[in-house]
Amino acid sequence: MTNRVALVTGGNGGIGTEICRQLAAAGYTVVTTCVDAEKERIVDWQRELEGEGVKVGWVECDVSDFASCAAMAEEVVAEYGPIDVLVNAAGITRDAFVHKMNHENWESVISVNLDSVFNVTRQVIEGMRERGFGRVINISSVNGQSGQFGQTNYSAAKAGMHGFTMAVAKEGARKGITANTISPGYIDTAMTAAIPEEVRESIVAQIPAGRMGRPEEIARVVVFLAADDSGYVNGANIPVNGALYTSF
Ligand code: CAA
């Protein structure tokens, strides 16, 4: 058990909620970000978790906005203490073939999924260096590794995340900081439920495991990477995809 503080962006999402649950179960003080508390019904979400005995704090923050991230981090540190574990899990899709994609859909996916990783990490990394401990865990995607129809924006952002991870890993290695990427495959969440049914069925048919993944199968890897004694796993990109995409 630990008493470290873990910040999870997009912690109220399909994968994020399970990450919050498992980090809380491992003893972390868990705080999530949400863009619009009222719209996202964050208080109901928090209460539901509380009913299960899981305590999670939240702060409003637009992760695509640097100033908003700075204010959020200040609030988290003041209320909960220094942030030792950062899980960048906030993400959106705006799928369209590249020949049909508009600039807004390109920009929003790049800013929410990729700029956010700098915007939030930048707020916590100096403290991690000073304290000689930190864990940065970036939730990417199999589609950042393999590319996907309709996802030039998402695939580019998710691939970019791992470039960021590798550089942070090198910069932080002597300061007790690790940075790693997790690349989930198709996980049973609202995001994959939004894929047109026929397309989704054809994708699932290609998964050697014969099924979609479950959020808890991602969260357990987060808990592993966050642990104090996982310090030599650094700069890795861990696939959790039911063998949908394999590589050296
Ligand atoms: N594999 C093979 N063929 C595909 C395909 C795929 N994944 N996706 C689309 N196509 C084909 C269609 O079958 C269709 O072929 P025909 O012309 O021969 O009929 C052609 O491409 C055009 O497809 P649509 O009629 O659907 O065209 P559209 O412009 O309306 O939509 C699309 C295209 C946006 C790509 C849509 O098909 C779609 O949303 N696909 C799903 C994309 C996807 O996988 N998103 C993942 C979201 S979940 C996620 O991102 C989480 C994660 O990290 C894994």
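Both counts, for ligands and for their atoms, begin at 1 and track the order of listing. Residue numbers start at 1 and run along the sequence shown.
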Do N12 and T32 meet the criterion of a side-chain donor-acceptor pair at a distance under 3.5 Å? no
Are more than 12 heavy atoms from other residues, nucleotides or ligands located less than 6.0 Å from atom CD of E216? yes
Distance under 4.0 Å, heavy atoms only, partner ligand 1: which residues pass? T93, D95, A96, F97, K100, S141, N143, Q148, F149, G150, Q151, Y154, G185, Y186, M191, T192, I195, P196, V199, I203
Would a 4.5 Å heavy-atom cut-off, applied to side chains only, mark V142 and Y186 as touching? yes
Less than 4.5 Å apart, any side-chain heavy atom of P215 and any of T189? yes
Taking salt bridge (charged side-chain N to carboxylate O under 4.0 Å, His left out) as the criterion, tell me which of R135, R129, R131 meets it with D84. R131
Relative to the ring of F97, is the ring of F149 parallel (under 30°), tilted (30 to 60°) or perpendicular (over 60°)? perpendicular
